[in-house]
Engineer: 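Input: one structure, supplied below.
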Protein chains: 2
Amino acid sequence: MTEPSRREQILATAAELFARRGFHGVSVSDLGSACGISGPALYKHFPSKDAVLAAMLVSISEELLAVGTARSAGAATPTEALAALVDWHVGFAVEHRALIVVQDRDWSSLPDEARERVRSLQRAYVDVWVTRLRETDPGRTLDAARAAAHATFGLLNSTPHSGLLDDAAMRDLLSTMALRALGVAGAG
Amino acid sequence: MTEPSRREQILATAAELFARRGFHGVSVSDLGSACGISGPALYKHFPSKDAVLAAMLVSISEELLAVGTARSAGAATPTEALAALVDWHVGFAVEHRALIVVQDRDWSSLPDEARERVRSLQRAYVDVWVTRLRETDPGRTLDAARAAAHATFGLLNSTPHSGLLDDAAMRDLLSTMALRALGVAGAG
DNA sequence: GGGCCAGGTTAGTGGTCGTTCACCTGAGTG
DNA sequence: CACTCAGGTGAACGACCACTAACCTGGCCC
């Protein structure tokens with residue numbers, strides 16, 4: 001099995017370049033030569049430049065939702081579920097800084113179909129958080145819970161903006177801040 | 001006096017368009033016709049497309065720093081200073097959602113000189129926060145305080161991602177979450 | 001009323017981009 | 001050994017973009 005390494009090399013390289021210069025700031029030729037091949041060879045692996053972005057963003061949205069759902073379901077209490085969600089999300093963000101940047105910067109450059117796909121996956125992911133948030137605090141409005149989830153993502157996704165701390169320290173800091181922001185007890 | 005309305009119309013329109021489609025996703029002709037003029041007429045007001053972006057981002061960076069500094073200086077205690085900073089920042093973010101989006105998405109498209117200018121203004125603004133943060137909690141490392149400030153900006157700047165709440169409710173929610181995240185006592 | 005000029009216009013230019021085309025190659029297969 | 005075909009190449013194409021050039025116009029000033 002061990003699927004084609006070229007395709008994945010392209011996706012990984014594209015993530016770094018798109019994160020640094022933006023989707024429109026990276027040409028097909030740039031991307032190709034960063035992979036050791038050049039220009040139009042990309043079209044042997046993807047039908048278009050858009051498709052590279054789409055594959056990238058759809059797959060991370062799917063992973064966030066799938067693992068997030070599992071972590072939440074595996075927790076004994078709503079509070080523990082939120083802690084697990086924060087832990088998962090911050091780990092993902094620290095480990096895939098480039099993808100985080102691309103996801104919320106170049107999301108709007110997606111072709112229509114992929115954009116809708118990503119949006120619906122993201123909505124579902126937000127809902128996992130929202131459900132747990134409203135279990136811990138039933139006074140929260142649906143919209144308020146959604147806004148709180150978005151705000152927490154903003155906090156956790158700030159990782160790429162400050163490469164000051166090492167990964168472990170960054171994870172600790174962000175987890176603590178996120179749990180406090182959400183009003184989850186026991187955040188040191 | 002009442003300076004040229006065209007120039008400011010262009011800046012305001014550009015902020016909206018850049019926020020929606022990205023700097024590279026908006027052509028000079030798009031921007032012109034959104035202002036009721038067309039295409040190259042922009043060059044009567046700005047020397048280049050880059051200059052529009054630069055004027056926009058430099059001016060908001062200056063305002064954030066200037067008012068932030070004043071608010072911090074006007075506070076009696078470090079804790080009150082942080083509350084004032086949060087209040088100012090969240091108010092700005094809610095009121096200028098488009099600018100917030102452009103600032104951290106298209107920052108890298110700035111011409112070199114303006115980019116350095118904006119970066120140094122932003123560093124200075126972060127330092128206002130960092131100083132107050134370390135006064136309230138001297139145990140914080142310089143880098144940890146910077147990362148905490150960036151994380152708080154990420155939280156506060158999440159406004160544009162969820163237009164669910166009205167402005168007042170959004171300000172309340174974000175202020176509360178930010179102050180809790182920062183560990184400032186007396187937040188709801 | 002003639003001259004100036006801020007602020008428009010349209011047409012054009014050079015460059016870049018995404019994409020396609022025709023072609024090449026070398027490893028695997030019957 | 002002939003055939004195939006995945007994966008590469010460079011050249012070319014059409015679209016679009018930022019920007020320039022040449023020109024027009026209407027208010028203002030002496």
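A note on names: the letters A, B, ... follow the listed sequences, proteins ahead of strands, and every chain is numbered from 1.
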Engineer: Does a side-chain N-to-carboxylate-O contact under 4.0 Å join B:R171 and B:E95?
Structural biologist: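 Answer for the salt bridge query: no.
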
Engineer: Give every pair of a protein N or O atom and an N or O atom of nucleotides 25-27 of chain D that lie under 3.5 Å apart, one pair per line with the distance.
Structural biologist:
none

Engineer: Give the rounded distance in Å between these two atoms: CG of A:L31 and P of C:dG18.
Structural biologist: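 Roughly 9 Å, once rounded to whole Å.
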
Engineer: Only distances under 3.5 Å count here; give the side-chain donor-acceptor pairs of residues 23-30 of chain B to other protein atoms, sequence neighbours excluded, each with its distance to 0.1 Å.
Structural biologist:
residue : atom : partner : partner atom : Å
B:H24   : NE2  : B:S109  : OG           : 3.3
B:S27   : OG   : B:S29   : N            : 3.4
B:S27   : OG   : B:D30   : N            : 3.0
B:S27   : OG   : B:D30   : OD1          : 3.4
B:S27   : OG   : B:D30   : OD2          : 3.2
B:D30   : OD2  : B:R21   : NH2          : 3.1
B:D30   : OD2  : B:S27   : N            : 3.1

Engineer: Starting from A:L65, can I reach A:V102 by hopping between I/L/V/M/F/W/Y residues whose side chains sit under 4.5 Å apart?
Structural biologist: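 Yes, same cluster.
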
Engineer: What's the NZ-C1' distance between A:K44 and D:dG10, to the nearest Å?
Structural biologist: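 Whole-Å distance recorded here is 13 Å.
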
Engineer: Could you pull out all residues at least two apart from B:D167 that satisfy side chain to side chain donor-acceptor pair (under 3.5 Å)?
Structural biologist: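 Counting only residues at least two positions away or on another chain, B:D167 forms a side chain to side chain donor-acceptor pair (under 3.5 Å) with B:R97.
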
Engineer: Expressed in angstrom and rounded to an integer, what is the separation of B:F46 atom CZ from C:dG8 atom P?
Structural biologist: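 About 12 Å, once rounded to whole Å.
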
Engineer: Taking the six-membered ring for Trp, are A:Y125 and A:F153 parallel (under 30°), tilted (30 to 60°) or perpendicular (over 60°)?
Structural biologist: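 Correct class here is parallel.
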
Engineer: Quick one: does A:K44's side chain get under 4.5 Å of A:R6's, heavy atoms only?
Structural biologist: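 No. Closest side-chain heavy atoms not under 4.5 Å.
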
Engineer: In chain order, what residues pass the side chain to side chain donor-acceptor pair (under 3.5 Å) check against A:T13, with sequence neighbours excluded?
Structural biologist: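 With neighbours one apart ignored, the set is empty.
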
Engineer: The side chain of A:I37 is closest to which nucleotide in this list: D:dG7, C:dT9, D:dT9?
Structural biologist: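 Nearest to the side chain of A:I37 among the choices is D:dT9.
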
Engineer: According to a strict under-4.0 Å criterion, is B:R6 in side-chain N/O contact with OP1 or OP2 of C:dG8?
Structural biologist: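 The answer is yes; a side-chain N or O of B:R6 sits under 4.0 Å from OP1 or OP2.
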
Engineer: Which residues pass the salt bridge (Lys or Arg N to Asp or Glu O under 4.0 Å) test with A:D166, sequence neighbours left out?
Structural biologist: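 In terms of salt bridge (Lys or Arg N to Asp or Glu O under 4.0 Å), with neighbours along the sequence ignored, A:D166 is linked to no residue.
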
Engineer: Within the 4.0 Å limit for protein heavy atoms, which parts of nucleotides 12-21 of chain D are touched? Write it as a string from 5' to 3', B for base, S for sugar-phosphate only, - for none.
Structural biologist: -----SSBB-

Engineer: Is any side-chain nitrogen or oxygen of B:H45 closer than 4.0 Å to OP1 or OP2 of C:dA6?
Structural biologist: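 For C:dA6, OP1/OP2 do not have a side-chain N/O of B:H45 under 4.0 Å.
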
Engineer: Between A:R7 (CZ) and D:dG8 (C1'), how many Å, whole number?
Structural biologist: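 Nearest whole value for this atom pair: 18 Å.
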
